[in-house]
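Chain letters run A, B, ... following the sequence lines, proteins first and then strands; every chain starts at 1. None of the values given here were measured: they were computed from a predicted structure.
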Protein chains: 2
Amino acid sequence: MAFLAEHHSHPTAAEIFHALNRNGGAPRSSRATTYNNLRDLVQAGLVREVAVEGRAARFDARGMRHHHFICDRCGNVEDLQWFSVPRPGLKSLGNRVLRECELIFRGLCSRCASQRARRQPGKK
Amino acid sequence: MAFLAEHHSHPTAAEIFHALNRNGGAPRSSRATTYNNLRDLVQAGLVREVAVEGRAARFDARGMRHHHFICDRCGNVEDLQWFSVPRPGLKSLGNRVLRECELIFRGLCSRCASQRARRQPGKK
DNA sequence: CACATATTTGGAATAAATCTAAATGCGGCA
DNA sequence: TGCCGCATTTAGATTTATTCCAAATATGTG
Ligand SMILES: [Mn+2]
Ligand SMILES: [Mn+2]
Ligand SMILES: [Zn+2]
Ligand SMILES: [Zn+2]
């Protein structure tokens, strides 16, 4: 939890596991414990899990509300400033019970966008 | 593609594979081909892939624009009527290149909501 | 310390998806 | 029709992410 609170990079479970146990000191957390803790933190609502198609899940300490931008090319997850989102109409919602909504934008992150521009100077 | 166009149930790759090859007739598509075709259809923009945390990806022929509702309990993906979504401000977007946005609502689908209500009659 | 309970752990097991090399299908042409 | 080159499909092995499990360890209480 402390690691997630300090690192806003949306790490995967494997990245968190390696970061916790990297270099010298005594091991801090096994792989199973890392996964167990992440599961529990998500269930408790303290951590958000972001599923990215084809890649490992990424995790995010729920600080200030925000939206996400996911890069088509590198898969990075970046934070976008929060703004409120309209709810679906009651008719369209039926008797579902709404808990939250998640807004994800997709495209090229700034790094991938500039790389792409350099390689294909002709393409608009 | 024909199967996806006719079935709006957001099937997984495995479900599509089994449905295509079910019962008597000659096999229609191997598992590898099913995955290959889905990958190509997604790249071509004809099919949408929905990543659900912890579960297999689900697929959706891109017909009319719509949003998605994902059930916390059973993981089902259901369609919600489309409505337009505000974009992030230019400042917040930086020099990312925006391609599309995806709005996902979460909670309990109507079936799971009524089951839940029956089992916990006291809980509000 | 002695004991009960809770947490952690390494490694095996599962699940989804991808890779690969071989098999099969298909169109054009003699 | 028979042969060839190219494209597609296939079965099975492989990889990757995650969960499961039973044993080991830690922790608290008197
Ligand atoms: Mn975030
Ligand atoms: Mn849909
Ligand atoms: Zn990128
Ligand atoms: Zn449900």
Discussion item. Does A/S29 reach a base, just sugar-phosphate, or nothing at all? Heavy atoms under 4.0 Å.
Written reply: sugar-phosphate
Worksheet item: Does some side-chain heavy atom of B/F83 sit less than 4.5 Å from a side-chain heavy atom of A/S92?
Response: no
Worksheet item: Given atom CZ of A/R28 and atom C1' of D/dT25, what is their separation to the nearest angstrom?
Response: 16 Å
Worksheet entry | Side chain to side chain, A/R99 and A/V97, heavy atoms closer than 4.5 Å | no
Item to complete: Indicate, with a heavy-atom threshold strictly under 4.0 Å, whether A/A56 touches base, sugar-phosphate, or nothing.
Response: sugar-phosphate
Discussion item. One thing to verify: whether A/E53 and A/R58 come together as a salt bridge, which I'm taking to mean a side-chain N less than 4.0 angstrom from a carboxylate O.
Written reply: no
Worksheet item: To the side chain of B/N37, which of D/dT18, C/dC19, D/dT9 is closest?
Response: D/dT9
Practice prompt. Starting at atom CG of A/L38, determine the distance to atom P of D/dT18, rounded to an integer number of angstrom.
Written response: 9 Å
Worksheet item: The side chain of B/A57 lies closest to which of these nucleotides: C/dT9, D/dT18, C/dA17?
Response: C/dA17
Item to complete: Starting from P on C/dA17, measure out to CD1 on B/I16 and report it in whole angstrom.
Response: 10 Å
Worksheet item: Taking the side chain as C-beta and beyond, is there a heavy-atom pair between B/V47 and B/D60 under 4.5 Å?
Response: no
Worksheet item: Honestly, is B/R48 close enough over B/F59, meaning NZ or CZ under 6.0 Å from the six-membered ring centre and within 45° of the axis?
Response: no
Discussion item. Could you tell me how far apart A/L20 (CG) and C/dT9 (C1') are, to the nearest whole angstrom?
Written reply: 15 Å
Discussion item. Between C1' on D/dT19 and CZ on B/R55, what's the gap in Å once rounded to a whole number?
Written reply: 14 Å
Worksheet, complete the sentence: By nearest-nucleotide position on DNA chain C, the 5'-leaning member of B/F59 and B/N36 is B/F59
Worksheet item: Would you say a side-chain N or O of A/T33 is under 4.0 Å from OP1 or OP2 of C/dT9?
Response: yes
Discussion item. Less than 4.0 angstrom between a side-chain N/O of A/Y35 and OP1 or OP2 of D/dT18, yes or no?
Written reply: yes
Discussion item. Without decimals, in angstroms, what is the distance between A/D40 CG and C/dA6 P?
Written reply: 14 Å
Item to complete: Could you state the atom-to-atom distance from CG of B/L41 to C1' of C/dA17 in whole Å?
Response: 17 Å
Worksheet, complete the sentence: Of B/R31 and B/G54, the one whose closest nucleotide on DNA chain D sits nearer the 5' end is B/R31
Worksheet item: Once you round it to whole Å, what is the distance between C1' of C/dA15 and CZ of B/R58?
Response: 14 Å
